[in-house]
Amino acid sequence: MNISGVGIWSAPLRYGDQGEAAEAAAELEELGFGTLWIPDVGGRVFDAVGNLLAATRQAVIATGILNLWMHTPADVAASYASLTAAHGDRFLLGIGVSHAPLIDSRDPGRYRQPLQAMTTFLDGLDAAETPVAADARVLAALGPKMLDLAATRSRGAHPYLTTPEHTRFAREQLGAGPLLAPEQTAILCSGRDEAREIGTAWLASYLALPNYANNLLRSGFTADDIADVSDRLFDALIAWGSPEAVIKRITEHREAGADHVCVQLLDADPRAFPREQWRRLAAALS
């Protein structure tokens with residue numbers, strides 16, 4: 001799998017109308033985005049992966065991330081084998097431990113020892129009847145221990161909701177070899193007011209999750225930055241303005257050590273496919 005350049009991270013590709021998702025994926029491939037990332041917060045994620053693989057010819061389809069609490073290693077390995085047999089080696093299995101409030105809301109007390117849970121899940125993938133090779137999987141990793149695990153047990157790391165400064169830290173932690181593929185949220189807009197209208201509530205929902213909040217505190221932001229969604233924090237996490245402003249942020253990640261950057265373009269309607277925004281970014285990248 002060639003995972004380089006700029007990709008697209010998109011919730012509508014996963015949870016939107018699957019007919020339109022297939023059409024959008026085919027267009028994204030034509031626009032030059034070689035890797036498409038989708039989330040997993042419940043539901044039939046492998047059906048969505050298969051839909052996108054069938055709609056494309058060469059693009060890599062990646063889970064960003066598969067929630068390990070919602071799947072068994074044996075079932076994941078079997079689904080991975082079936083999809084790669086049908087579509088070739090174009091499925092990158094991103095795996096993550098999610099967040100305690102989300103998991104414990106359904107099953108109180110289940111979320112514990114996330115690093116050990118990830119290690120056990122990877123052991124299960126290795127021991128499956130049809131194992132998922134280490135170079136076919138990446139880990140959602142923010143802190144040093146999970147980054148170390150990503151370097152030794154997978155192809156690399158897929159940090160989400162981070163900054164170029166974190167990308168530099170992650171590269172130093174991973175070393176020179178492993179893949180580093182951060183997500184970068186972006187809004188194409190005319191100014192700060194529009195960016196804030198689209199992005200503030202979206203960002204606040206993520207800042208309520210302790211894994212993200214703690215990572216930002218480690219990165220030098222304050223509790224007040226997080227509680228107030230300060231301009232400083234907003235600007236650090238979301239690239240907004242023109243396509244060129246987004247490309248500038250992508251370049252900052254690349255200069256900090258990223259091999260691949262996947263861009264999540266937000267729309268005023270979070271359920272809509274931001275196809276016009278994708279086209280504008282592709283045109284600026286070409």
Side-chain angles (χ1 to χ4, degrees), residues 1-7 9 35-41 45 49 60-71 73 76-77 80 89-100 103 111-128 131-184 206 209-216 218-219 253-262 264:
M1 286 180 282
N2 177 21
I3 304 162
S4 60
V6 179
W9 197 106
T35 305
L36 309 180
W37 298 76
I38 60 172
D40 174 36
V41 289
V45 64
V49 172
V60 173
I61 307 303
T63 49
I65 51 71
L66 180 130
N67 189 323
L68 65 77
W69 306 99
M70 297 180 178
H71 306 273
V76 170
Y80 187 91
D89 294 326
R90 296 196 290 125
F91 179 15
L92 180 65
L93 183 65
I95 310 164
V97 296
S98 188
H99 306 271
I103 303 306
Y111 190 98
R112 59 186 183 275
Q113 298 183 305
L115 188 69
Q116 182 58 51
M118 178 66 83
T119 301
T120 300
F121 197 88
L122 296 174
D123 290 343
L125 293 179
D126 290 342
V132 179
D135 67 358
R137 60 201 193 201
V138 294
L139 307 188
L142 296 174
K145 292 181 179 179
M146 195 65 79
L147 285 164
D148 287 345
L149 190 65
T152 58
R153 298 292 304 274
S154 78
R155 187 171 185 147
H158 171 52
Y160 184 95
L161 203 71
T162 60
T163 64
E165 290 73 23
H166 182 274
T167 294
R168 183 170 291 105
F169 160 76
R171 173 51 70 200
E172 292 172 355
Q173 194 73 27
L174 290 168
L179 176 74
L180 180 53
E183 175 268 351
Q184 175 61 59
Y206 280 102
L209 299 172
N211 290 359
Y212 293 129
N214 290 336
N215 183 59
L216 292 167
R218 288 194 301 265
S219 299
H253 280 289
R254 296 298 297 270
E255 291 176 346
D259 302 293
H260 168 82
V261 179
C262 47
Q264 179 177 190

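For the atom pair CG (L149) and CD (Q116), the distance works out to 9.5 Å, reported to the nearest 0.5 Å. Residue L66 holds its CG atom at 7.5 Å from CG of L68, rounded to the nearest 0.5 Å. D135 contributes atom CG, which lies 11.0 Å from atom CG of L179 (distance to the nearest 0.5 angstrom). Note that CD of Q173 and CG of D148 are 4.5 Å apart. Values are rounded to the nearest 0.5 Å. One finds the CG atom of L216 at 6.0 Å from the CG atom of L161 (value rounded to the nearest 0.5 Å). With rounding to the nearest 0.5 angstrom, the CD1 atom of I3 is 12.5 Å from the CZ atom of R90.
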Exercise for review: Given side-chain contact (heavy atoms from CB on, under 4.5 Å), test M70 with V45 step by step and report yes or no.
Suggested key: CA-CA 10 Å; M70 297 180 178; V45 64; over 6 Å; no
Exercise for review: Please step through side-chain contact (heavy atoms from CB on, under 4.5 Å) for the pair F121 and V76, ending with a clear verdict.
Suggested key: CA-CA 10 Å; F121 197 88; V76 170; 3.9 Å; yes
Practice item. Would you please test N2 and V60 for side-chain contact (heavy atoms from CB on, under 4.5 Å) and show each step? Key: CA-CA 8 Å; N2 177 21; V60 173; over 6 Å; no
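The two residues H253 and P182 have their closest heavy-atom pair at ND1-CG, 3.9 Å. Nearest heavy-atom pair, S98 versus N211, reported as atom, atom and distance to 0.1 Å: O-ND2, 2.9 Å. Closest approach of H166 and P159 over heavy atoms only: CE1-CB, 4.0 Å. Between L147 and L174, the closest heavy-atom pair is O-CD2, 3.3 Å. Taking every heavy atom of both residues into account, I95 and I65 meet most closely at C-CB, 3.8 Å.
Listed by chain and residue number, nothing satisfies the side-chain hydrogen bond (donor to acceptor under 3.5 Å, both in side chains) test with T63 (two or more places apart in sequence, or in another chain). Here D259 pairs with R171 under the salt bridge (charged side-chain N to carboxylate O under 4.0 Å, His left out) rule; sequence neighbours left out. Qualifying ring pair (Phe, Tyr, Trp, His ring centres under 6.0 Å) partners for Y160, counting only residues two or more places apart in sequence or in other chains: W9, Y206, Y212. Taking D123 as the reference, R153 meet the salt bridge (charged side-chain N to carboxylate O under 4.0 Å, His left out) condition, with sequence neighbours excluded. R137 is linked by a salt bridge (charged side-chain N to carboxylate O under 4.0 Å, His left out) to D126, counting only residues two or more places apart in sequence or in another chain.
Between L92 and H158, every side-chain heavy-atom pair lies at or beyond the 4.5 Å cut-off. Looking at heavy atoms from C-beta onward, T167 lies out of side-chain contact with V261 at the 4.5 angstrom threshold.
Although no hydrogens or angles enter the test, the distance criterion places no donor-acceptor pair under 3.5 Å between the side chain of E183 and the main chain of C262. The main-chain N or O of V41 is never found under 3.5 Å from a side-chain atom of N67 such that the two would form a donor-acceptor pair. Distance alone, capped at 3.5 Å, places no donor-acceptor pair between the D89 side chain and the M1 backbone.
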Without placing hydrogens or testing angles, list every side-chain donor-acceptor pair under 3.5 Å for residues 138-145, not counting sequence neighbours.
none

